[in-house]
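What follows is one structure encoded as C-alpha cells, with my remarks underneath.
So you know, we letter chains A, B, ... as the sequences are listed, proteins then strands, and number each from 1. Treat the numbers as computed from the prediction; the structure is a model and nothing was measured. Just the heavy atoms: all of them, side chains too, but no hydrogens, waters or symmetry mates, feed the values below.
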Amino acid sequence: MNFDTIIRKTEKLSEGIYLIRLHSARIASKAVPGQFVNVRCSDGLNAYLRRPISICRVDRKNNTVDIVFMNRGKGTNLLCSFAQGDTLDAMGPLGNGFTLPKEKERIAVVGGGIGVFPLLYLLEESHCACKTAFLGFRTKEAIVLQDAFHRTAQKLVIATDDGSYGTNGLITAPFMAWLEAERPDRVYSCGPAPMMKIVARACVQKGIFCEVSMEQRMGCGIGACLVCACKVQDGDDYQYAHVCKDGPVFPAERLIF
Amino acid sequence: MNFDTIIRKTEKLSEGIYLIRLHSARIASKAVPGQFVNVRCSDGLNAYLRRPISICRVDRKNNTVDIVFMNRGKGTNLLCSFAQGDTLDAMGPLGNGFTLPKEKERIAVVGGGIGVFPLLYLLEESHCACKTAFLGFRTKEAIVLQDAFHRTAQKLVIATDDGSYGTNGLITAPFMAWLEAERPDRVYSCGPAPMMKIVARACVQKGIFCEVSMEQRMGCGIGACLVCACKVQDGDDYQYAHVCKDGPVFPAERLIF
Amino acid sequence: MNLSVNFAGLKLKNPVIAASGTFGFGREFSNFFDLNRLGGISVKGLTLEPRKGNPPPRIAETPGGILNSVGLQNPGVHAFIREEIPFLRQFDLPIIVNIAGNTPEDYCAMAEILSEADIDAIELNVSCPNVKKGCLLFGSTPEGVSEITAVVRKVCKKPLIVKLTPNVTDITQTAKAAEASGADCVSLINTLLGMAIDIEKRKPILANTMGGLSGPAVKPVAVRMVYQVSKEVKIPIIGMGGISNGEDAVEFLLAGASAVMVGTAGFVNPGVWVETAEGIEAYMKKHGFGKVSELTGALQE
Amino acid sequence: MNLSVNFAGLKLKNPVIAASGTFGFGREFSNFFDLNRLGGISVKGLTLEPRKGNPPPRIAETPGGILNSVGLQNPGVHAFIREEIPFLRQFDLPIIVNIAGNTPEDYCAMAEILSEADIDAIELNVSCPNVKKGCLLFGSTPEGVSEITAVVRKVCKKPLIVKLTPNVTDITQTAKAAEASGADCVSLINTLLGMAIDIEKRKPILANTMGGLSGPAVKPVAVRMVYQVSKEVKIPIIGMGGISNGEDAVEFLLAGASAVMVGTAGFVNPGVWVETAEGIEAYMKKHGFGKVSELTGALQE
Ligand SMILES: Cc1cc2nc3c(=O)[nH]c(=O)nc-3n(C[C@H](O)[C@H](O)[C@H](O)COP(=O)(O)OP(=O)(O)OC[C@H]3O[C@@H](n4cnc5c(N)ncnc54)[C@H](O)[C@@H]3O)c2cc1C
Ligand SMILES: Cc1cc2nc3c(=O)[nH]c(=O)nc-3n(C[C@H](O)[C@H](O)[C@H](O)COP(=O)(O)OP(=O)(O)OC[C@H]3O[C@@H](n4cnc5c(N)ncnc54)[C@H](O)[C@@H]3O)c2cc1C
Ligand SMILES: Cc1cc2nc3c(=O)[nH]c(=O)nc-3n(C[C@H](O)[C@H](O)[C@H](O)COP(=O)(O)O)c2cc1C
Ligand SMILES: Cc1cc2nc3c(=O)[nH]c(=O)nc-3n(C[C@H](O)[C@H](O)[C@H](O)COP(=O)(O)O)c2cc1C
Ligand code: FES
Ligand code: FES
C-alpha cells in the first residue's frame with residue numbers, strides 16, 4: 001500500500017513550528033477542512049506509530065497540501081529533519097471535516113496553539129459573509145501564520161498567555177465578549193480541551209451551531225482499533241466515539257468534556 | 001561519549017560491497033591490522049546493536065580509515081545509505097591485531113569473501129621480503145580490491161567458487177599446494193570458518209606460524225558482556241575466549257574449530 | 001503456489017489472519033484492500049452485552065511496540081450477528097469470533113448463540129489484560145483455562161480456539177489444559193501486561209494505568225512461546241505477536257504455528273496482511289516448499 | 001544537586017548501577033569512563049566454581065532489544081575475590097555481587113564466603129534463564145524464592161538483594177516471598193525468555209535455542225512490574241529493563257524504584273550510565289526535586 005508523497009517545501013515558521021508542503025493528488029483532490037493525514041515519521045521502529053497532523057491548506061491546482069506541526073516529541077522531531085525532495089508516507093485524508101458555512105452566514109473560528117492549523121484551511125474554504133478568527137498563543141514568538149489568517153478573515157483577534165502580543169490572557173475572554181455581542185451563525189474551535197470546553201458550552205447554551213475538533217492518541221487512524229476514544233452523549237448515558245473515524249470534528253452538543 | 005567520525009568518501013566497489021572512508025585521528029593514530037571498529041548503523045532502534053567491521057586501510061597522514069563491508073542485513077543495509085559528509089559513530093580501534101612479520105620473512109595471507117579486507121591492511125603494513133595473497137570469492141563479479149592487493153603483494157592468486165575467474169573452486173586448493181612447496185614463515189587467514197580451519201590445521205601440522213581472524217556476533221564489542229564466545233584450547237580442556245577482546249586475531253593453534 | 005492451510009476444521013486460503021481487536025469487523029480496512037486477500041479475520045472481542053470500554057488515553061507508544069487498554073469496547077454479540085456478519089459474508093473470508101466474558105456462563109451463552117450463527121470458529125479470549133473481571137483471571141491458570149474450555153466445548157458446535165496469555169510462568173501448562181479440555185486449536189500470544197509513564201505529568205500514560213504490549217518488541221517472547229507450546233500439544237497453533245512481514249511470519253511457522261495472526265503492524269502499514277502472505281509465498285518459492293504446512297515446525301535442531 | 005541514595009544498607013552517590021552481566025567486572029568500561037561516576041556495579045553473575053558458559057552464538061538482535069544466552073560464564077567466586085575486588089576497590093564504587101547456583105547449598109556457600117569479602121551487597125540471581133539447573137527454577141515460584149532467600153539470609157552478613165524474574169504469572173508473589181524471607185531489597189527485572197529464528201538456516205539463532213530478552217523492548221513490562229511490586233512490598237526496589245537515558249530511569253523511580261540498573265543500552269552507548277545519572281539530575285532540577293528519594297513512587301494517581 002503506497003501513501004508516499006513528495007515533499008515540495010519545508011519551512012520553519014517559528015521556534016519549533018514547521019511547515020511541510022506535500023505533493024499529492026490523492027490528498028489534494030479529496031481533502032476537506034478538518035481532516036487530517038496520518039504520517040510515518042520514520043520507516044522503522046523509531047516513533048513506530050503514525051502521527052496525525054491536520055491539513056492546514058490545500059492547493060488543488062498544484063496538488064499540494066500543507067501540514068504544520070509543532071516539534072514536541074520523538075515523532076515530530078524526526079519530521080523536522082525531512083527536506084524538499086524527500087518522500088513522506090502520509091495516509092489520508094482521514095476523518096470527518098467541518099460543516100462548511102453557507103454564503104450568507106457569519107462565522108467565527110476559535111483556535112489555540114497547534115489547533116489553529118485546521119482552522120486556517122476552514123477559513124480559506126469558507127466563502128461566506130463574515131469570518132472572524134480568535135487565536136490564542138503562548139507568547140508573541142509562538143504566533144504563526146498571522147498573515148494568512150489576516151488575509152482570509154475579516155477580523156483577527158490574537159491573545160497571548162503572557163500578554164506579549166494582542167490581548168493579555170486566554171483567547172476565550174475576547175471571544176466570549178464578542179459572542180455575546182455578535183451572535184454569529186457558526187462557531188468552529190480547535191485547540192486545548194479547556195478552551196474548547198468553554199467555547200462549546202457557551203455556543204450550546206446560546207443555541208449557536210458549533211463544531212470542535214478533538215485530539216486523541218491514535219493507533220490505526222481509521223476506526224479499526226478503537227483506541228482514540230472520546231466521550232460523547234448517548235441519550236442520558238455516554239458512549240465512546242472515535243476521534244479518527246467519528247471525528248476529529250464533532251458537533252459541540254455531542255461532546256462530554 | 002563521542003565516537004563520531006566524518007565520512008570523507010563512499011564508494012560502491014562491486015555489487016553489494018561498499019567502502020566508507022572515515023576521517024578520525026583517534027582511529028587512524030592507533031589502529032593496527034586485524035583490529036575493527038564497531039559502528040552504529042542508525043541512531044535509534046533500527047539495527048539496535050553496533051556492527052563490527054574490520055579496518056581495511058589507514059592513511060595516517062590524512063587521518064583517514066577505510067572500512068569495506070557487504071550489504072547483507074538490516075545494519076549493513078542502513079550503512080549503504082550513508083554519504084560523504086555524514087557522521088558515523090565508530091567505536092575503536094578494538095580488538096587485537098595480527099603479529100606483523102619481520103623484514104626477512106615470507107608471508108602469505110589467505111582470505112575469503114569479506115575476510116579479505118583486514119588482510120589488505122595487514123599486507124600494506126607488512127614490510128617484509130615476500131608477500132603472497134590467496135583470495136577466494138564466489139564469482140568474478142564479487143572480486144574486490146584486486147588492484148590494491150596486486151600492488152602490495154608480490155604474488156596474487158584468486159579463486160572463484162564458480163570458476164568464472166582465476167582458479168576454479170576453493171582458494172584452499174592452490175594455497176595448500178603452495179604451502180607444501182614454499183614453507184612460508186607466516187600465514188594469516190580471515191574468511192569463512194571452513195576455510196580457516198583447513199588453513200589453520202595445515203599450518204599447525206607443519207609448525208608454521210599462523211594467525212586467523214574470527215567472527216562472532218557481538219554485544220558490547222569490548223569484552224564486558226561475554227557473548228562473542230570462541231572455543232579455544234585450555235590444556236586438555238576447552239574454554240570460551242572472546243572475539244572482541246581476546247581476538248579477533250588468534251594463534252591458529254589455540255583455536256578449536 | 002498454493003498457500004492454503006487446513007486445520008482445526010478451518011480452511012484458509014492463506015495462513016495470514018487479522019488479529020482480534022486490531023481490525024474491527026473489517027469495514028475500515030476494506031477501504032484499503034480487498035478483504036478476499038486475507039486468510040481470515042478474528043473480529044474485535046465480543047461480550048454478551050455491549051461494552052463501553054475504558055476511558056482514554058487507551059494507547060501509548062513504547063520502544064518497538066504499543067500498549068493498549070481498549071477494554072473490550074464492543075456492540076455485543078447480538079449486534080455483531082445482526083450487523084456485521086452480513087457485511088463480512090460478502091467476502092470469501094473465514095470469520096473467527098473472539099469472545100470474552102466475566103463468568104463461565106457468559107462464555108457459554110455466547111458460544112451457544114454463535115454456534116447457530118454463520119461464522120467459522122470461536123476464539124475464546126481468556127487473556128485480555130484490560131478488563132477488571134473474568135477473562136485474564138481464567139487464562140492465568142491451567143485450572144481456569146480448563147474450566148472455561150470444558151464448559152464452552154459442551155455447547156460449542158464450531159471449531160474452538162483458545163487464545164492464551166503470555167503473562168504466565170509456563171504457557172505450556174495453560175496450552176495443555178486447553179487441549180485436554182477440548183480445544184481444537186490454541187492461538188498465542190495475547191498482549192504482555194505493561195505500563196508507560198508520562199514523566200512530565202507524573203502519571204501513567206494510559207488512563208487505565210496498565211495495558212497490553214504488542215508489536216515488534218514482543219516477537220521474541222511470542223516465538224519462544226509458540227515453540228514451547230508446539231513441543232507439548234498436538235492441536236494446531238495460531239502464532240502471533242509482533243509480526244510485520246513474511247519473514248517474521250515464517251519464524252512463527254517454523255517454531256510450530258499452522259497459521260499466524262497480524263495486528264499492530266497494520267496500524268503502521270495497512271498493507272501488512274497482504275504483504276505477509278506474499279512474503280511467505282516468496283520464501284516458499286525460494287526454498288522449495290510446496291505447502292505451507294511443510295513449514296510448520298520445520299526447525300532444524 | 002545531591003543525587004545520593006541510601007537504602008537497604010547501601011549508600012550510592014547516584015542511583016545508576018551497572019546491571020549484572022553487562023559490565024563484566026568493570027575493567028573494560030573503565031577504559032571508556034571514570035568508574036567513580038557510577039552509583040554502583042553489579043558484577044557478572046558468579047557461581048561457586050568457574051563456568052564455561054554456553055556455546056555461541058550467544059546473542060541475537062531483536063526489534064528494540066537483544067536475546068542473550070551467555071549461560072553464566074564466570075571465573076568462580078574465589079577468583080573474583082582474589083583478582084577482581086582489588087581492581088574494583090581502586091574506585092569509590094559500591095560492589096554488588098550477583099550470585100547464582102544449582103542448589104541452596106551453592107548459594108549459601110557463596111554467601112558465606114562473600115560475607116567475609118570486601119564487598120557491599122549480595123544480589124541473589126534466582127532468575128537466569130540461560131542455565132539448565134537451579135537458578136530460574138528457584139525464582140519461578142514464591143516457594144522457591146522463599147527457600148533460597150531464607151537459607152541465604154541466615155548466613156549472609158551483607159545487604160541481601162533478590163533479583164526477580166519477569167517470567168512469572170504474578171511477580172508480586174515472588175517479591176513478597178523474598179521480603180518475607182528476609183531480603184533487604186528486590187531488583188527486577190531479569191530477562192524475559194525469548195527466541196529468534198534464522199529463517200535461512202531454519203535454526204534458532206542462539207546455539208542454546210532460547211535466551212533472555214533485554215533492552216528498550218522490555219521497558220514497559222519492567223516498569224509495570226516495578227509498579228506492581230512497589231504496591232505490595234515495603235523493602236526498596238532496584239528497577240531495570242530497557243533503560244537508555246535519564247527519562248527512562250525517572251519512569252522507574254516514579255513507578256517505585258529507589259535506584260536503577262542499566263545494562264544493554266551500554267553496548268550501544270558506553271556513556272549511558274553517566275548520561276542517565278545526568279539526566280535524572282536534569283529532571284530533578286527542572287521539576288524542583290531536592291532528593292532522588294522524593295521521586296520514588298511519586299506517581300500521581
Ligand atoms: C486529529 C489530530 C490532528 C492534529 N493536528 C495537528 C497539527 O496540525 N499540528 C500539530 O502540531 N499537531 C497536531 N496534532 C497533534 C499531533 O498528533 C501530536 O503533537 C503528535 O502526535 C505528537 O507526536 P510526537 O512524536 O512529537 O510526540 P510523542 O509524545 O513522542 O508521541 C508519543 C505518542 O503519543 C501520541 N501523541 C502525543 N501527543 C498527542 C496529541 N496531542 N494528539 C494525538 N496524539 C498524540 C503520538 O502520536 C505518539 O503516538 C493533531 C492530533 C490529532 C489527533
Ligand atoms: C571482528 C569482525 C570483523 C568484521 N569485519 C567485516 C568487514 O570488514 N566487512 C564486512 O562486510 N563484514 C565484516 N564482519 C561481519 C559483519 O560484522 C556482519 O556482516 C554484520 O554485522 C552483519 O550485520 P547486518 O546488520 O548486515 O546483518 P544482520 O543479520 O541483520 O545482523 C543481525 C545481528 O547479527 C550480527 N551478525 C550477523 N552476521 C554477523 C557476522 N558474520 N559476524 C558478526 N556478527 C554478525 C550483527 O552484527 C547483528 O548484531 C566482521 C565481523 C567481525 C566479528
Ligand atoms: C488495540 C488492540 C486491541 C486488541 N483487542 C483484542 C481483543 O479484543 N481480543 C483479543 O483476543 N486480543 C486483542 N488484542 C491482541 C491482539 O489480537 C494480538 O494478540 C496482539 O496484539 C499481538 O499481536 P500483534 O503484535 O501482531 O498486534 C488487541 C490488540 C490491540 C493492539
Ligand atoms: C549479556 C547479558 C548478560 C547478563 N548476565 C546476567 C547475570 O549474570 N546475572 C543477572 O542477574 N543478570 C544478568 N543479565 C540481566 C541484566 O542484569 C538485566 O537484568 C537485564 O539485561 C535487563 O536490563 P537491561 O535491559 O538494561 O539490559 C544479563 C543481561 C545481558 C544482556
Ligand atoms: S485510531 Fe484506531 S480507531 Fe481511531
Ligand atoms: S561483544 Fe561483549 S564480550 Fe565480546
Residues C/R37 and C/E275 bridged, charged N to O under 4.0 Å: no
Does this structure show an ion pair linking C/K203 with C/D198, if we count only N-O contacts that are shorter than 4.0 Å? no
Output the option from A/N38, A/L49, A/L45 having the highest count of non-hydrogen pairs under 4.5 Å with chain C. A/L49
Top of A/M218, A/K74, A/Q239 for chain C proximity - count of heavy-atom pairs under 4.5 angstrom: A/M218
Heavy-atom distance under 4.5 Å to chain C: side chain of A/R40, backbone, both or neither? side chain
Is the shortest side-chain N to carboxylate O distance from A/R50 to A/D89 below 4.0 Å? yes
Does any heavy atom of chain A fall under 4.5 Å from the side chain of C/P55, the backbone, both, or neither of them? both
Under 4.0 Å between a Lys/Arg side-chain N and an Asp/Glu carboxylate O for C/E84 and C/R89? no
Option in C/P270, C/A60, C/G263 with maximal non-hydrogen atom pairs under 4.5 Å from chain A: C/P270
Report the option among A/D234, A/V227, A/D237, A/N2 that has the most heavy-atom pairs separated by less than 4.5 Å from atoms of chain C. A/V227
Is any side-chain N of the basic residue among C/D248 and C/K219 closer than 4.0 Å to the acidic one's carboxylate O? yes
For A/F3, is it the side chain, the backbone, both, or neither that has a heavy atom closer than 4.5 Å to a heavy atom of chain C? side chain
Region of C/I59 that comes under 4.5 Å of a non-hydrogen atom in chain A: both
What part of C/S69 gets closer than 4.5 Å to chain A, counting heavy atoms only: side chain, backbone, both or neither? neither
Determine, for A/R21 against A/D59, whether the closest basic-nitrogen to carboxylate-oxygen distance falls under 4.0 angstrom. no
Quick one: what part of A/N46 sits under 4.5 Å from any heavy atom of chain C, side chain, backbone, both or neither? neither
By a 4.5 Å heavy-atom criterion (distance strictly below it), what part of A/M91 contacts chain C: side chain, backbone, both, or neither? side chain
Using non-hydrogen atoms and a 4.5 Å limit, figure out which bit of C/F32 sits close to chain A: side chain, backbone, both or neither. both
Between A/K12 and A/E15 (salt bridge meaning N to carboxylate O under 4.0 Å), is one present in this structure? yes
Highest number of heavy-atom pairs under 4.5 Å with chain A: which of C/V274, C/I205, C/N74? C/I205
Any side-chain donor near an acceptor of the partner, A/N77 and A/N71, under 3.5 Å: yes
Quick one: which of A/G44, A/C228, A/G219 has the most heavy-atom pairs under 4.5 Å with chain C, could you say? A/G219
Could you look at C/A19 and say if it's the side chain, the backbone, both or neither that has a heavy atom under 4.5 Å from chain A? neither
Could you check whether the rings of C/W273 and C/F29 sit parallel, tilted or perpendicular, using 30° and 60° as the cut-offs? perpendicular
Charged tip of C/R27 within 45° of C/F87 ring normal and under 6.0 Å: yes
At a heavy-atom separation under 4.5 Å, does A/K231 approach chain C through its side chain, its backbone, both, or neither? neither
